Structures are given as structure tokens and as C-alpha cells.
Amino acid sequence: MTRPTPLSGFPEWLPEQRLAEQQVLDRLRRTFELYGFSPLETRAVEPLDQLLRKGETSKEVYTLRRLQAGDSDDEQSLGLHFDLTVPFARYVLENAGKLQFPFRRYQIQKVWRGERPQEGRYREFLQADIDIVDRDNLPPHYEAEIPLVIGDALRSLPIPPVKILVNNRKLCEGFYRGLGIEDPEEILRIVDKLDKIGPNAVKAEIEQKHTEAQAKACLALAEITAQDPSFADEVRKLGVEHPLLDEGVAELAAVVETAREHSPGLVQATLKIARGLDYYTGTVYETELAGFERFGSICSGGRYDNLASAGRDVFPGVGISIGVSRLLGLLFKADALSVSRPVPTAVLVALWSEEERAASNRIAAALRARGIATEVAPVPAKLGKQIRHAERRGIPFVWFPANGDNPDQVKDIRSGAQVDAEGWAPPAEDMAPTLR
């Protein structure tokens with residue numbers, strides 16, 4: 001095999017980073033299940049017409065085709081999914097007769113997106129999604145529940161605090177329509193670029209088709225933030241009226257007030273949040289990680305009413321997605337997340353000689369039967385070398401089998417303490433690597 005060439009945008013973690021990732025996923029699963037979400041996994045590919053029917057994502061989709069496929073083969077019309085929401089909507093439509101609504105699911109899976117790789121952004125990455133869907137109507141209180149789940153999930157991790165920024169597409173669309181703007185989706189897409197290009201560029205882009213007064217009003221709306229429902233007063237001061245605006249303000253106020261009661265400081269109304277995908281229709285979410293704000297959102301989503309629909313069958317939903325690879329990549333690079341040791345092994349059983357390997361293997365088997373991760377020394381080297389091997393591997397304990405008149409003993413190679421092995425078990429905190 002020739003020397004491999006690294007592929008940009010396809011992260012491969014080191015073993016200790018993979019251990020950290022697995023523990024992060026375990027804690028996320030635990031929280032999701034505490035809130036009643038059921039696990040789900042969908043196929044990696046979807047028909048291209050389904051992937052592209054909502055949102056301007058065609059440049060990011062990886063198409064799927066066999067190397068020897070002919071021009072008429074069906075594989076040409078398939079693509080790798082770029083998120084988990086579109087496949088989930090399709091899954092709901094296909095399995096509606098077998099599901100109980102409202103249906104709560106979590107999904108942790110790889111996705112693929114052909115964007116330019118950069119720090120915290122990858123072409124292949126892991127997402128952890130939760131969604132709640134219902135048949136025909138989805139009560140708005142679910143839009144207030146989603147941030148609470150994510151708040152608990154992320155607080156279960158030893159990471160910097162997060163702030164969930166929320167807005168409502170009805171609020172924005174109603175405001176723009178109240179200004180006399182007939183294409184509010186276009187303004188949403190422009191405002192969504194505010195952090196990337198700045199207010200002057202956003203204002204100039206809006207003024208290409210609209211008046212200066214309309215552009216100023218759009219920017220004034222985007223400047224409003226609050227951690228309580230007082231944002232509604234700031235919106236009303238702008239003097240714009242529209243029924244859809246009133247509906248969006250009421251829904252957003254309920255989200256903010258619910259979060260303020262249950263998790264003070266977690267949620268902040270931020271009216272510049274737009275989200276680029278077209279399928280959002282209500283509350284939208286973006287999440288900032290303290291100290292990493294410049295990298296953008298690490299968790300985002302929103303309410304959608306028409307994504308899962310076919311004829312008269314409509315299944316509105318609300319969901320949010322944690323960019324697990326994005327989050328971990330940022331934390332790993334900053335040395336802000338690690339595990340207590342780089343291997344699962346808690347005990348190394350020493351080996352006096354090859355003839356006594358069977359005895360060491362029996363000790364290891366007995367320890368594993370008690371749930372203690374154990375390995376046997378690779379070779380019967382001098383005892384000091386076996387201990388150094390454990391140190392290099394990050395294994396905290398070495399078990400010395402009985403030798404002559406000496407009974408089995410265990411040594412904590414971090415402290416140097418050595419005790420008789422009979423009845424011994426590692427402390428609970430040393431049974432497995434822990435996040436820190």
C-alpha cells in the first residue's frame with residue numbers, strides 16, 4: 001500500500017478521542033430516553049428528488065453511483081443524506097400506520113455534506129437529533145420543550161455552558177409582510193447571513209429590491225434580544241402590524257418563558273436567527289458554546305409543518321440536531337475535553353513466564369467476569385518493563401500473580417500503593433475511563 005493521502009473533512013479520532021465520543025453519545029442517549037424519545041436509524045441514502053425538494057442544498061449533496069453503473073441504472077438518482085430531518089420525515093410517512101402519535105424519536109447517525117472543510121465543519125460527521133411529530137396538528141408547547149431536553153443533554157457533559165438562541169419564522173415573516181415585502185423568504189435568507197457579512201452588507205442587499213426604510217426596519221428587528229418575553233415590547237415599538245407577526249410573537253414568548261422558569265439563562269430570544277433551510281415554519285434554534293461563539297452554532301433546528309406531508313396526510317414536527325463531530329472537533333483541538341485514561345483496561349495482569357501464561361489468563365478471565373476490563377502482559381519481560389508498559393498504555397493497576405510464598409497482589413502504579421489481591425476491586429471511578 002502506498003503512503004496514504006489525508007482526506008480533508010473526514011475526521012478520524014484517536015482511540016482516546018473515540019472513547020470520549022462514545023461517552024458523550026451514551027450521556028446524550030440517556031437524557032433523550034429520560035424524556036421519552038425512542039431510538040431510530042434510517043438508511044444512508046434517499047432519492048435525490050426527496051433530498052432536494054426543500055432548501056437550496058443541491059451543491060452539498062453527494063450523489064451515489066456504482067463504479068460500473070450504466071447510464072440507465074437507478075443509483076444515479078440516489079444521494080447520501082445531508083441531515084437526519086428529511087429522512088425522518090420520509091420514514092414517518094412510510095410508517096405512519098405503525099407509529100403512535102405524537103411520536104418522539106432520537107437518532108444518532110453519520111451524515112454527509114459537500115461543504116468546504118474548515119475548523120469544526122466536516123464533509124462526514126455525526127449528528128444527534130431529537131424530533132416530535134404529530135398527526136395533523138402539533139401543539140406549540142413542544143417547541144418550548146425541545147430546548148429543555150437539549151439543555152439537560154449538554155449540561156450532562158463536562159463542557160462549557162451553552163446558550164440556545166431562539167426566534168420564530170412566523171414573527172419574521174409577519175413583520176416583513178407588515179412592511180409590505182411580498183417575498184419574506186428572500187429577506188430571511190439575507191438576514192441569515194448577518195453574522196457572516198455584517199449589517200451594512202445585509203442592508204445593501206435588501207435595498208437592491210426594497211426601500212431604505214424597509215431595510216432599516218429589518219435590521220432593527222434583527223438587533224432585538226432578550227432572555228424574557230420583553231422582546232415583544234421591543235418588536236411592537238417598531239410599529240409594524242400583521243396577524244402572523246402577533247402569532248409568532250406569542251409562540252416565541254411561550255418558549256422563552258417556559259425556559260426561563262425551568263432553566264434560567266438557557267434560552268435567549270435573538271431575532272436575527274433565521275436558519276437557512278426552507279422547511280422551517282415556526283420556532284427556530286441555534287446554540288452557542290461559551291468561548292467558541294465565533295465558530296457558530298453547534299446545535300440547531302426548528303418547527304416544520306409541511307416537510308412530512310403527502311396529499312391529505314400531514315405530520316408537523318419540531319426537532320433539533322446536535323452537531324456531535326463539530327462539537328467534539330472544537331473541544332479536542334482546544335484540549336477542552338478528554339477522558340481519564342486512553343484505554344478501557346483497568347488492570348494489567350503481569351506475566352512471570354510463558355509457561356505461566358495460562359495462570360495469568362485465568363486471573364484475567366475471572367476479573368472480566370466481574371466486569372473489570374483486563375488484559376495480560378504481552379511478554380514476560382522484567383517486572384519494571386511490564387509496569388512501564390501499563391504506564392504507557394494508561395492502565396492504572398497491575399496484578400501480580402502469586403509467586404513462591406507471595407500471594408496475588410495488586411499495585412496502583414499511580415500512587416505506588418500495593419495490596420493483597422484477595423477481595424480487591426478497583427474503585428468505582430477507575431472501572432472505566434471517565435469524561436473530564
Side-chain angles (χ1 to χ4, degrees), residues 1 4 11-31 33 108 126 156-159 324 327-329 331-436:
M1 184 176 180
E12 294 178 322
W13 306 134
L14 293 171
E16 56 265 36
Q17 294 172 326
R18 176 60 174 154
L19 280 172
E21 180 183 60
Q22 289 179 321
Q23 294 213 15
V24 166
L25 297 181
D26 288 342
R27 295 192 189 190
L28 294 180
R29 287 190 195 96
R30 193 176 307 125
T31 303
E33 292 181 359
I108 301 174
L126 190 66
S156 74
L157 306 174
I159 64 175
V324 177
L327 173 64
L328 294 181
L331 294 172
F332 288 157
K333 185 169 184 180
D335 292 326
L337 184 69
S338 63
V339 284
S340 56
R341 64 175 186 262
V343 293
T345 311
V347 178
L348 177 76
V349 180
L351 183 63
W352 298 122
S353 67
E354 280 299 334
E355 291 73 23
E356 296 174 274
R357 181 175 290 277
S360 292
N361 285 342
R362 286 193 293 271
I363 293 169
L367 288 169
R368 293 182 194 123
R370 293 164 55 196
I372 302 168
T374 307
E375 50 185 277
V376 176
V379 294
K382 290 182 179 180
L383 204 54
K385 288 187 176 181
Q386 295 188 52
I387 292 173
R388 284 193 293 275
H389 172 74
E391 288 176 332
R392 287 193 297 270
R393 293 269 290 147
I395 301 171
F397 300 99
V398 176
W399 182 296
F400 305 125
N403 186 22
D405 294 333
N406 297 320
D408 287 39
Q409 292 192 318
V410 178
K411 182 173 186 174
D412 184 336
I413 62 175
R414 300 163 300 182
S415 66
Q418 187 166 321
V419 297
D420 286 345
E422 185 177 358
W424 175 87
E429 63 270 18
D430 289 323
M431 284 290 287
T434 55
L435 280 174
R436 59 185 184 188

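Side chains are part of it too, since the values below use all heavy atoms of this structure and drop only hydrogens, waters and symmetry mates. Small disclaimer: the values here were computed from a predicted structure and weren't measured.
- The minimum heavy-atom distance between Arg357 and Leu351, with the atom names listed, is NH2-CD2, 3.0 Å.
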Without placing hydrogens or testing angles, list every side-chain donor-acceptor pair under 3.5 Å for residues 390-402, not counting sequence neighbours.
residue	atom	partner	partner atom	Å
Arg393	NH2	Glu375	OE1	3.4
Arg393	NH2	Glu375	OE2	2.6
Trp399	NE1	Asp408	OD2	2.9

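- Minimum interatomic distance between Ala377 and Leu348 (heavy atoms only, all atoms of both residues): N-CD1, 3.5 Å.
- Annotation: Glu422, atom CD; neighbour count of heavy atoms from other residues, nucleotides and ligands within 6.0 Å does not exceed 12.
- One distance of note links OG1 of Thr31 with CZ of Arg29; it measures 11.5 Å at 0.5 Å rounding.
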Can you list the steps and then say if Leu126 with Leu25 is a side-chain contact (heavy atoms from CB on, under 4.5 Å)? CA-CA 10 Å; Leu126 190 66; Leu25 297 181; 3.7 Å; yes
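- Proximity of Gln17 to Leu328: side-chain heavy atoms (C-beta onward) are nowhere separated by under 4.5 Å.
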Would you mind writing out the side-chain donor-acceptor pairs for residues 334-343 within the sub-3.5 Å range, not counting sequence neighbours?
residue	atom	partner	partner atom	Å
Ser338	OG	Arg436	NE	3.4
Ser340	OG	Thr434	N	2.9
Ser340	OG	Thr434	OG1	3.3
Arg341	NE	Val343	O	3.1
Arg341	NE	Thr345	O	3.0
Arg341	NH1	Asp430	O	2.9
Arg341	NH2	Pro344	O	2.9
Arg341	NH2	Asp430	O	3.2
Arg341	NH2	Met431	O	3.3

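- Taking the side chain as every heavy atom from C-beta outward, Pro158 and Gln23 never approach each other to under 4.5 Å.
- To the nearest 0.5 Å, atoms CD (Gln386) and CD1 (Ile413) are separated by 11.5 Å.
- Note that CG of Leu435 and CD of Gln22 are 11.0 Å apart. Values are rounded to the nearest 0.5 Å.
- Counting non-hydrogen atoms of neighbouring residues, nucleotides and ligands closer than 6.0 angstrom, the CD atom of Glu354 exceeds 12 such neighbours.
- Atom CH2 of Trp424 and atom CG of Asp412 lie 8.5 Å apart (nearest 0.5 Å).
- When every heavy atom of Pro378 is checked against every heavy atom of His389, the shortest pair comes out as CD-NE2, 3.6 Å.
- How far CG of Leu367 is from CZ of Arg362: 13.5 Å, rounded to the nearest 0.5 Å.
- Here the shortest heavy-atom pairing between Pro433 and Leu19 reads CG-CD1, 4.1 Å.
- Annotation: side chain of Leu28 is in contact with side chain of Val324 (closest heavy-atom distance under 4.5 Å).
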